[in-house]
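See below for the structure under consideration.
Numbering of ligands and ligand atoms starts at 1, following listing order.
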Amino acid sequence: MAERLSGKVALVTGAGSIGPGWGNGKAAAVLFAREGASILCADINADAATETAELIRGEGGTAEVFEADVTQTDQVEAMVAACTSAFGRIDVLHNNVGIVAPGGAVEQTEDDWDRVMATNLKSMFLTCKSVIPIMQEQNGGSIINLSSISSLRYMGINYVSYPTTKAAINQFTKVTAGQYGRWNIRVNAILPGFNRTPMVDNAVVDMVQQGTDPDMTLEKYYAWREDKIPLGRWGDAWDIANAAVFLASDESSYITGLELVVDGGATLMLG
Ligand SMILES: NC(=O)c1ccc[n+]([C@@H]2O[C@H](COP(=O)([O-])OP(=O)(O)OC[C@H]3O[C@@H](n4cnc5c(N)ncnc54)[C@H](O)[C@@H]3O)[C@@H](O)[C@H]2O)c1
């Protein structure tokens, strides 16, 4: 086991995966643990979080599970209390939860709009509200918010609430970084690009079928995107988790308010 996060405690939201394989939160939780951190694996799906915690324990790491819906204040407060009660502190808050819903401004339902706003954006407000006072007491901490390059560009996918929340997350990250830097609390965003995770396999291709291309298939989608990535390959959850380890660790101790794009250069082509 490496030591870049030795002695640190990380709370990872959405630490499971919505399908088989590696989501970003699952990979981050496992890599944080490999680097020596103790992890609270939080997820609305307890089985998914348990799978991640068992993988960590199987490798000799330390992890606990907490079932929580991060859109609910009482559940977020209980999740944060569970983390401090299990491990005594919170050094890293990894705000990974994010969902998508189909449709542009005309087609998307109001319920879907509200659900995506609450899940992607309000959740980060709630977790920060509970965790920042603990980090202030500790005089330090690293908060990592999962955004997306869709916050910067039109991606050719019509899912209006998703990029809207991600753009708001970028600014939430910056203003929160500005305000709480005095307590040595760093707040940074990761903007993944085209990442092959269960979220894409399960939801994104369906949305393209319903939206701009009824004939879209998983294979066609992956090939279509690959042309737009200068590094010539899709990213995966480990590319994002590696960036997260850097932002969680003291190696990034002078970095805050950053939008860290991890996209193989895709935004250069979409510019
Ligand atoms: N996969 C990509 O290509 C990509 C690209 C850009 C950004 N991202 C971002 O990365 C993050 C993670 O993506 P992923 O692909 O790992 O997703 P994922 O769907 O595999 O994992 C997300 C986890 O969050 C959990 N979750 C959902 N709603 C929740 C809630 N209300 N409370 C608690 N847990 C909840 C799910 O159960 C799931 O285990 C998201 O914020 C996503 O927007 C992903």
message: Would you call the rings of Tyr222 and Trp234 parallel, tilted or perpendicular, taking 30° and 60° as the class edges?
response: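 Aromatic pair Tyr222/Trp234 classed perpendicular.
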- request: Fit a plane to each ring of Trp238 and Trp22, take the angle between them on a 0 to 90° scale, and name the class: parallel (under 30°), tilted (30 to 60°) or perpendicular (over 60°).
  value: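 Judged by the thresholds at 30° and 60°, the geometry between Trp238 and Trp22 is tilted.
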Ligand 1 contacted by [X] (non-hydrogen, < 4.0 Å):
X: Asn96; value: yes
X: Gly193; value: yes
X: Lys166; value: yes
X: Trp22; value: no

task: With atom 36 (C) of ligand 1 as the reference point, say which of Asn45, Asn120, Asp43, Val97 has the nearest heavy atom.
output: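 That would be Asp43.
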Shortest heavy-atom approach to atom 20 (O) of ligand 1 - which of Leu146, Ile18, Thr165, Asn145: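 Closest candidate by heavy-atom distance is Ile18.
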query: Do Tyr162 and Trp113 have their ring centres less than 6.0 Å from each other?
result: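 For Tyr162 and Trp113, the ring centres are not under 6.0 Å apart.
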- prompt: Charged N to carboxylate O under 4.0 angstrom, Lys8 versus Asp250?
  reply: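 Salt bridge present between Lys8 and Asp250.
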query: Got a salt bridge between Arg233 and Asp239, using NZ or NE/NH1/NH2 to carboxylate O under 4.0 Å?
result: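 Here Arg233 pairs with Asp239 in a salt bridge, since their nearest N and O are under 4.0 Å apart.
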message: I need the contact type for Ala15 against ligand 1. Using non-hydrogen atoms and a strict under-4.0 Å cut-off, is it side chain, backbone, both or neither?
response: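 Ala15 to ligand 1: no contact under 4.0 Å from either part.
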Below the 3.5 angstrom mark, is there an N/O of [X], backbone or side chain, next to an N/O of ligand 1?
X: Thr119; value: no
X: Arg196; value: no
X: Ile44; value: yes
X: Phe194; value: no
X: Thr71; value: no

Which atom of Val9 lies closest to which atom of Arg89, heavy atoms considered: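 What the structure gives for the nearest pair is CG1-O, 3.1 Å.
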If you count the atoms of ligand 1 from 1 in the order shown, which ones are under 4.0 Å from a heavy atom of [X]?
X: Gly98; result: 40 (C), 41 (O)
X: Pro192; result: 5 (C), 6 (C), 7 (C), 8 (N)
X: Gly16; result: 21 (O), 39 (O)
X: Asp69; result: 30 (C), 31 (N), 32 (N)

field: Nearest-neighbour protein heavy atom for atom 3 (O) of ligand 1, which is reported as residue plus atom name and distance
entry: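 For atom 3 (O) of ligand 1, the nearest protein heavy atom comes out as Asn195 O, 3.0 Å.
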